[in-house]
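Single-structure report; data block below.
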Amino acid sequence: MKNFIKLVLQKLLGYERYLRVFSNYKIKTLKSDEKEKDFFAFVNSISKEGIILDVGANIGIMTYHLSKSFPNRKVIGIEPMPNNFKVLQDLVLQKKLNNVELYQNAVGEGESTIEMILPMDGKVKMQGLAHVVHDTIKEWNEGETFTVQCLTLDDIVAGETVAGIKMDIENFEYFALKGARHILTTHKPIVYLELWENENRDNCFELLRTLGYHAYVLVDGKLNPYDPASHKKQNFIFK
C-alpha cells in the first residue's frame with residue numbers, strides 16, 4: 001500500500017515535487033517518529049566543538065535538524081544523486097540554513113568516478129535506497145544509473161575539526177570510513193551509522209574497533225553498549 005501511494009504521488013506531482021513534499025513532511029514529523037529517536041540521541045551526544053557532517057544527506061531532512069540543533073556550527077551536507085541534491089540545495093535556501101555547506105559527490109576510500117543507481121520497485125523510484133554500484137552490494141540493483149564523482153571525507157574537510165558524523169549511504173559505509181581515517185583518529189568525532197546486518201556492518205564494526213571506538217544503541221531512551229545477542233538494531237552510535 002505504501003508503495004502504491006508513492007507511485008500515485010510521484011505521477012501526480014512529478015518526481016522532484018514529490019521529493020520536496022516528502023522532505024517537508026518528514027522535517028515536520030521527524031521528532032515524533034519513534035524510528036528516529038536514535039538520530040536525536042546522536043545529536044544530543046555531540047558535545048565537543050567542531051563541524052557536523054551529514055553524509056548521505058538525501059533530501060535534507062536530517063540536514064535541517066542538524067542545522068537547527070547546531071546553529072553556531074558549520075554543517076556539511078554531502079549528497080551525490082542529482083534530484084536529491086537539487087531538493088537539498090533548494091531546501092537550504094528556502095529554510096535559510098546559513099550554516100550549511102553542500103557537496104554533490106559520493107564518498108569512499110579514494111578519489112574516482114563511480115556509478116550509482118536509483119532503484120526501482122516496479123515503477124516507484126526508491127530515492128532513499130540510492131547507492132553506489134559495487135560488487136559487495138547485492139540488494140536493489142535494478143534502476144536508473146548515474147555517474148558521479150567520489151572523494152574522501154578526509155579531503156573534503158581537510159583543515160576542519162569534526163565533532164560528529166551522521167552517515168547513511170546504503171551499504172557503502174565501510175569504504176567511506178576508510179576514507180575518513182584521519183578524521184577518526186585525529187578528531188575522534190561521534191559517529192552515527194545506519195547499518196544493515198551484513199558484511200558491511202561487520203567491516204564497519206571492526207574498523208571502528210581498531211580505531212578505539214565502542215558501539216552503543218538506544219534502549220528505553222538511554223544509550224547502552226551494543227550487545228549483538230540482545231539488541232536487534234540498525235542504528236548505531238560510536239564513541
Side-chain angles (χ1 to χ4, degrees), residues 39 42-43 45-46 48-93 97-117 128 130-134 137 146-195 200 203-204 207-208 211 213 236-239:
F39 168 71
F42 156 71
V43 170
S45 297
I46 299 172
K48 64 186 292 185
E49 289 301 312
I51 67 172
I52 316 295
L53 307 184
D54 186 358
V55 185
N58 206 272
I59 51 178
I61 298 161
M62 291 181 176
T63 310
Y64 173 88
H65 284 282
L66 289 171
S67 173
K68 294 300 185 181
S69 297
F70 301 100
N72 298 318
R73 304 194 193 197
K74 183 195 292 185
V75 175
I76 293 182
I78 303 171
E79 173 55 44
M81 299 299 283
N83 288 114
N84 290 354
F85 187 80
K86 182 64 167 62
V87 172
L88 171 64
Q89 195 173 41
D90 290 347
L91 177 75
V92 168
L93 291 173
L97 306 181
N98 298 322
N99 60 330
V100 174
E101 184 176 304
L102 300 178
Y103 288 82
Q104 188 178 1
N105 56 263
V107 292
E109 57 185 311
E111 184 175 350
S112 63
T113 300
I114 60 174
E115 294 295 312
M116 293 195 65
I117 189 164
H131 63 80
V132 174
V133 176
H134 195 270
I137 302 177
F146 299 83
T147 301
V148 303
Q149 183 73 13
C150 181
L151 302 172
T152 70
L153 286 176
D154 281 341
D155 285 340
I156 291 172
V157 299
E160 301 267 21
T161 299
V162 180
I165 302 174
K166 167 260 167 184
M167 185 182 296
D168 180 5
I169 53 174
E170 306 303 319
N171 287 306
F172 205 65
E173 288 83 1
Y174 173 58
F175 304 100
L177 292 173
K178 288 173 73 175
R181 280 182 179 273
H182 178 75
I183 295 170
L184 296 169
T185 56
T186 305
H187 307 307
K188 298 178 173 56
I190 303 289
V191 180
Y192 175 70
L193 302 177
E194 180 179 323
L195 300 172
N200 172 61
N203 288 337
C204 288
L207 173 61
L208 289 168
L211 298 178
Y213 278 85
F236 300 91
I237 295 171
F238 293 87
K239 299 201 271 186

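Nearest heavy atoms, C150 versus I114: CB-CD1, 3.8 Å. P80 approaches M116 most closely through the heavy-atom pair CG-SD, 3.3 Å. Listed here is the closest heavy atom pair of N105 and Q149: CB-O, 3.1 Å. Across all non-hydrogen atoms, the minimal contact from Q104 to P82 is NE2-CA, 3.7 Å.
A donor-acceptor pair under 3.5 Å is formed between the side chain of E173 and the backbone N or O of N171. Of the possible polar contacts, one joining the E79 side chain to the N58 backbone as a donor-acceptor pair under 3.5 Å is found. Using a distance-only test at 3.5 Å, with no hydrogens or angles considered, a donor-acceptor pair links the side chain of S69 to the main chain of H65. In terms of modelled atom types and a separation under 3.5 Å, the side chain of K166 and the main chain of G56 share a donor-acceptor contact. Checked by atom type and distance alone, the side chain of K188 pairs as donor or acceptor with a backbone atom of T185 at under 3.5 Å. The closest donor-acceptor contact from the side chain of H187 to the backbone of H182 lies at 3.5 Å or more, if one exists at all. Using a distance-only test at 3.5 Å, with no hydrogens or angles considered, no donor-acceptor pair links the side chain of R73 to the main chain of I52.
Under the 4.5 Å side-chain criterion, counting only non-hydrogen atoms from C-beta, I51 is not in contact with F70. Counting heavy atoms from C-beta outward, Y192 and F39 have side chains that approach closer than 4.5 Å. In this structure, I190 and F238 have side chains that are not in contact, with every pair of non-hydrogen atoms separated by 4.5 Å or more. Using a 4.5 Å heavy-atom cutoff, the side chains of T63 and L88 are in contact. Taking the side chain as every heavy atom from C-beta outward, D54 and I78 never approach each other to under 4.5 Å. Side chains of F146 and I117 form no contact here, defined as non-hydrogen atoms less than 4.5 Å apart. Side-chain contact between T113 and V148: absent, with no pair of heavy atoms (C-beta onward) separated by less than 4.5 Å. Residues C204 and L177 are in side-chain contact: their nearest non-hydrogen atoms beyond the backbone lie under 4.5 Å apart.
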- Query: What do the steps show when you test I169 against V132 for side-chain contact (heavy atoms from CB on, under 4.5 Å), and what is the final call?
  - Reply: CA-CA 8 Å; I169 53 174; V132 174; over 6 Å; no
- Message: Checking L102 against Q89 for the side-chain contact (heavy atoms from CB on, under 4.5 Å) test, could you report, in this order, the C-alpha distance in whole Å, the side-chain angles of both residues, the deciding distance, and whether it holds?
- Response: CA-CA 7 Å; L102 300 178; Q89 195 173 41; 4.2 Å; yes
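Electrostatic pairing of R181 and E109 does not count as a salt bridge here, judged by no charged N lying under 4.0 Å from a carboxylate O.
Considering I76, V100, N99, V75 in turn, V75 is the only one that fulfils the side-chain contact (heavy atoms from CB on, under 4.5 Å) rule with L66.
Distance CG/L91 to CZ/F85: 12.0 Å, rounded to 0.5 Å. In this structure, CD1 in I237 is found 10.0 Å from CG in L193, a value given to the nearest 0.5 Å. Rounded to the nearest 0.5 angstrom, T161 OG1 and E49 CD are separated by 9.5 Å. Note that NZ of K86 and CD1 of I59 are 14.0 Å apart. Values are rounded to the nearest 0.5 Å. Distance check, rounded to the nearest 0.5 Å: CG of L153 to CD1 of I165 gives 6.0 Å. One finds the CG atom of L195 at 9.5 Å from the CE atom of M167 (value rounded to the nearest 0.5 Å).
With sequence neighbours left out, the ring-ring contact (aromatic ring centres under 6.0 Å, His included) criterion links H134 to F172, F175.
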